[in-house]
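Below, read A as the first sequence line, B as the second, and so on, with proteins coming before strands; counting in each chain starts at 1. What you see is a predicted model, and the numbers here were worked out from it, not measured in a lab.
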There are 2 protein chains.
Amino acid sequence: MAKEIQIFIDYLKKKNLKLTDQRGRILNVFLKTQRHLSAEDLYNIVRKNDASIGQATVFRTLKLLCGADIAKEVDLGDGKTRYEHKCGHEHHDHLICTRCGRFIEAMDPEIERLQKKLCRRFAFTPQYHKMEIFGVCKKCR
Amino acid sequence: MAKEIQIFIDYLKKKNLKLTDQRGRILNVFLKTQRHLSAEDLYNIVRKNDASIGQATVFRTLKLLCGADIAKEVDLGDGKTRYEHKCGHEHHDHLICTRCGRFIEAMDPEIERLQKKLCRRFAFTPQYHKMEIFGVCKKCR
DNA sequence: CTTGATTTTGAAATTCAATATCAATTATAT
DNA sequence: ATATAATTGATATTGAATTTCAAAATCAAG
């Protein structure tokens, strides 16, 4: 967790931006949360500690955290962007249940390998990817 | 193309909905277009033929076409939902260039196979999936 | 310190795609 | 024909995300 803060500081420095109280506090809260929350979710949690922080700052900070590669946007299909931090979590994809909305995190190294191979075929340099499989989970069928 | 219209009619009938002039016209225009257009793009094209059609109807019809599996939503990362029709196009994924925004359609049967296998591991019944690889295309590097 | 240039902040206003509302119109089965 | 239900388009509304802007905070250089 200290690691993430250092990454953030380095990223900000590189971009000539500053580590402010608000940004630090938002990052700390974010890292402690359950993952996959929306900007509004995070705003509501942050607000409990510091009622003076504004929504806009939370939005802005989440964007920065994505830029610093500490957070990742996830689109679960409702109109809301969710964010997950990478603290202690490897890359993974999602199996999303279209009945109950729950999702499973999953990863297959073989698929990852083939994705890279597919890119090579098109002389395309991959940076990151999203793979979301929608369907019906065990409980719902 | 006649096939798609039949699929649409069958789908509407199944749902106790009606094939109206507007829906028919929107589908026809949609199938003729280049693919990956937003609801607004389609609205602007449809309007040239029939100025009386409303935006809401285009939105609603695109949703129906997705339900009928004639169209597919694509999220290219800007805030706009794009739609592509499946007329003469197999399922594919996208390699999206983060520099120029252009994208490549690509498909790997081996990946598809492994995706199904991955789902089986979680007792998850897949319906459809999105796979988008973001990176830098040949021209941009 | 103090200054000055720059960045950041929060509140509020704004944007924009997408959806909901609603009275008028249209389709379809009987 | 008629009754029932679905559809339409104009408009208003929603809601996430972004922008604006004046005030506050940061930081480097004197």
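Residues from residues 61-69 of chain B that place a heavy atom under 4.0 Å from any atom of DNA chain D: there are none.
A 4.5 Å side-chain heavy-atom check between A:Thr125 and A:Cys119 finds every atom pair outside the cut-off. Taking the side chain as every heavy atom from C-beta outward, B:Leu37 and B:Phe30 approach each other to under 4.5 Å. Within the 4.5 Å cutoff, the side chain of B:Leu12 has no heavy atoms near those of the B:Lys18 side chain. Between A:His91 and A:Glu105, every side-chain heavy-atom pair lies at or beyond the 4.5 Å cut-off. Contact of the A:Gln115 side chain with the B:Ile133 side chain is registered, since non-hydrogen atoms from C-beta on lie closer than 4.5 Å. The shortest side-chain heavy-atom distance between B:His36 and B:His94 falls under the 4.5 Å cut-off.
With salt bridges taken as basic N to acidic carboxylate O contacts below 4.0 Å, none links B:Lys130 and A:Asp75. Ion pairing between A:Lys63 and A:Glu73 holds under the 4.0 Å rule for side-chain N and carboxylate O.
Counting non-hydrogen atoms under 4.0 angstrom, A:Ser52 reaches the backbone sugars and phosphates but no base.
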Pull out every protein N or O sitting under 3.5 Å from an N or O of nucleotides 24-30 of chain D, one pair per line with the distance.
unit_1, atom_1, unit_2, atom_2, d
D:dT26, O2, A:Lys18, NZ, 3.3

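The interatomic distance linking A:Glu40 (CD) with D:dG15 (P) rounds to 10 Å, in whole Å. A:Leu42 has its CG atom 15 Å from the C1' atom of D:dA16, to the nearest Å. With rounding to whole Å, B:Ile26 atom CD1 is found 11 Å from D:dT7 atom C1'. Atom-to-atom, OH of B:Tyr43 to C1' of D:dA10 comes out at 10 Å; the value is rounded to the nearest Å. Look at CG on B:Asp78: it is 12 Å from P on D:dT18, rounded to the nearest Å. A straight line from CG of B:Leu17 to P of D:dA6 spans 8 Å, rounded to a whole angstrom.
Nearest-nucleotide positions on DNA chain C for B:Lys13 and B:Phe59 put B:Phe59 closer to the 5' end. Checking B:Thr81 against A:Ile53, the closest nucleotide of DNA chain C that is more toward the 5' end is the one next to A:Ile53.
At D:dT8, one or more side-chain N or O atoms of B:Arg23 fall inside 4.0 Å of OP1 or OP2 (strictly under the cut-off). Of the side-chain N and O atoms in A:Gln55, none sit less than 4.0 angstrom from OP1 or OP2 of D:dA17.
Using modelled atom types and a 3.5 Å distance limit, the side chains of B:Thr61 and B:Gln22 yield no donor-acceptor pair.
Along DNA chain C, read 5' to 3', the first and last nucleotides having any atom under 4.0 Å from a heavy atom of chain B are C:dA17 to C:dT28.
Residues B:Ile26 and B:Val74 fall into different hydrophobic clusters, defined by Ile, Leu, Val, Met, Phe, Trp and Tyr side chains chained together at heavy-atom separations under 4.5 Å.
Ring orientation note: the planes of A:Phe134 and B:Tyr128 are close to parallel, at an angle under 30° on the 30°/60° scale.
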